[in-house]
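I have placed the structure first, in the form of structure tokens, so that the comments after it can refer back to it.
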Amino acid sequence: MDISPKLAIVTGGASGIGLATTRAFVKAGIKTIIIGRNQDKLQLATDELGELCVYKIYDLTNIAGIPDLVSELVREHGVPDILVNNAGINMKKSFIEVTDQDFQDIIQINLMSVFSLSREVVKRMLEKGQGSIVNISSMAAQYGIPQVIAYTAAKSAIEGVTRAMATELSPGGIRVNCVAPGFIATEMSAAALEDDPGRKNKVLSRTPMGKLGDPDDVAAAILYLASDAAKFVTGVVLRVDGGNAIGF
Ligand code: NAI
């Protein structure tokens with residue numbers, strides 16, 4: 001009988017939605033490896049969450065190093081049962097001002113690293129015959145939002161990739177789902193909304209629940225999709241948005 005705790009990787013797990021997810025996982029007894037770039041933030045998270053949370057400093061834009069990163073994590077901690085591809089960045093800029101390099105930078109972290117990390121983790125999950133992956137999309141993939149062209153491209157691709165992976169990997173016992181957060185109170189949304197009252201009013205006025213979401217709201221959905229409670233759920237995009245995507 002295997003009584004070892006489940007093992008998860010959460011990218012960007014030291015802040016915002018990733019940190020809330022890590023808290024929820026640890027509370028559920030899931031050992032969680034958080035990956036990020038800022039040692040101080042990673043250390044704060046592990047200090048708060050105790051021995052079920054460990055961190056790895058890594059810049060996921062370094063795609064070439066991801067196979068070695070995963071080998072090292074597997075050697076140290078075992079094969080993960082859960083991967084949450086949460087790390088991401090946004091860039092608000094008018095369409096004609098976005099450079100090719102800007103576009104590529106957003107795609108690199110929000111899409112390429114998700115593919116590469118997932119591929120390496122999936123190789124190990126297939127050997128185990130089980131696994132659950134949760135990707136993070138956005139309202140930018142549900143309807144048109146101005147000034148976020150590269151982010152929209154990346155997040156729209158994430159939803160397609162989720163379906164393709166779910167289809168191909170299901171026979172191997174791996175489920176792949178996606179959470180599409182609405183506007184959630186984190187550093188990322190503050191950067192996009194706080195200096196732009198018009199945009200913030202627009203967001204709130206088309207959100208039937210009339211407020212920004214809390215990172216814990218998204219974490220609860222990620223925990224559900226990652227867990228065995230969702231054992232017959234794969235390929236879905238679960239919106240956690242206070243109704244924003246269907247608001248008038
Ligand atoms: P956040 O900025 O608080 O967290 C993002 C995390 O990703 C940070 O911990 C950051 O260090 C990490 N990260 C970024 N680039 C990285 C890199 N190159 N290597 C390693 N780690 C890196 O933002 P938030 O809001 O918690 O975002 C989490 C996810 O949720 C992102 O994928 C974002 O696109 C998505 N999202 C957020 C929404 C919001 O309203 N806050 C709405 C829709 C989607």
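When a ligand or atom number is given, it counts from 1 through the structure's own listing order.
Nearest-residue assignment for atom 38 (C) of ligand 1 (options G13, G182, S189; heavy-atom criterion): G182. When G36, S113, A141, G88 are ranked by how near their heavy atoms come to atom 5 (C) of ligand 1, first place goes to G88. Residue N86 holds the heavy atom nearest to atom 31 (C) of ligand 1 of all those in N135, I136, N86. Relative to atom 39 (C) of ligand 1, the option among V179, L193, V203, I184 with the closest non-hydrogen atom is I184.
At a cut-off of 3.5 Å, with distance as the only test, a side-chain donor of D102 or T99 sits close to an acceptor on the other residue. Under the 3.5 Å distance criterion, with hydrogens and angles disregarded, a donor-acceptor pair is assigned to the side chains of N85 and S118. Using modelled atom types and a 3.5 Å distance limit, the side chains of D100 and Q104 yield no donor-acceptor pair. Between the side chains of N244 and Y143, at least one donor-acceptor pair of N or O atoms lies under 3.5 Å. A donor-acceptor pair shorter than 3.5 Å cannot be found between the side chains of Q108 and T61. With hydrogens and angles left out, the side-chain atoms of R23 and T32 include no donor and acceptor closer than 3.5 Å.
The nearest protein atom to atom 26 (O) of ligand 1, hydrogens excluded, is given as I17 N, 2.8 Å; this is a heavy-atom distance. The shortest contact between atom 1 (P) of ligand 1 and any protein heavy atom is with S15 OG, 3.7 Å. Protein heavy atom nearest atom 43 (C) of ligand 1, with residue, atom name and distance: P181 O, 3.5 Å. Among protein heavy atoms, the minimum distance from atom 24 (P) of ligand 1 is reached at T186 OG1, 3.7 Å. Of all protein heavy atoms, the one lying nearest to atom 10 (C) of ligand 1 is R37 NH2, 3.8 Å. Closest to atom 2 (O) of ligand 1, if we only count protein heavy atoms, is M188 CB, 4.0 Å. Protein heavy atom nearest atom 19 (N) of ligand 1, with residue, atom name and distance: L60 N, 2.9 Å.
Contact atoms of ligand 1 toward G16: 3 (O), 26 (O) (distance under 4.0 Å to a heavy atom of the residue). Atoms of ligand 1 lying under 4.0 Å from at least one heavy atom of G12, given by number and element, are 6 (C), 7 (O), 9 (O), 12 (C). Ligand 1 places these atoms under 4.0 Å from at least one heavy atom of Y151: 33 (C), 34 (O), 35 (C), 36 (N), 43 (C), 44 (C). Each of the following atoms of ligand 1 lies closer than 4.0 Å to a heavy atom of D59: 17 (C), 18 (N), 19 (N). Less than 4.0 angstrom separates some heavy atom of Y58 from each of these atoms of ligand 1: 19 (N), 20 (C). The distance from ligand 1 to the heavy atoms of T61 drops below 4.0 Å at these ligand atoms: 18 (N). Those atoms of ligand 1 with a heavy atom of F183 less than 4.0 angstrom away are 40 (O). In summary, the atoms of ligand 1 found under 4.0 Å from a heavy atom of S137, numbered by their order in the structure, are 43 (C), 44 (C).
Hydrophobic clustering (side-chain heavy atoms under 4.5 Å, transitive across Ile, Leu, Val, Met, Phe, Trp, Tyr) groups F95 together with F103. L73 and I133 fall within a single hydrophobic cluster, where Ile, Leu, Val, Met, Phe, Trp and Tyr are joined by side-chain heavy atoms under 4.5 Å apart, directly or via other members.
Taking any N or O of K155, backbone or side chain, at least one lies under 3.5 Å from an N or O belonging to ligand 1.
Within the model, atoms NZ of K56 and CG of L69 stand 6.5 Å from one another, a figure rounded to the nearest 0.5 Å.
More than 12 non-hydrogen atoms from other residues, nucleotides or ligands lie less than 6.0 angstrom from CD of E72. Counting non-hydrogen atoms of other residues, nucleotides and ligands closer than 6.0 Å to CD of E51 gives a total of 12 or fewer. Few gaps surround NZ on K123; more than 12 heavy atoms of other groups in view lie less than 6.0 Å from it.
For I109, the closest heavy-atom approach to ligand 1 falls below 4.0 Å.
Judged by distance alone, the side chain of D217 and the main-chain N or O of D214 form a donor-acceptor pair under 3.5 Å.
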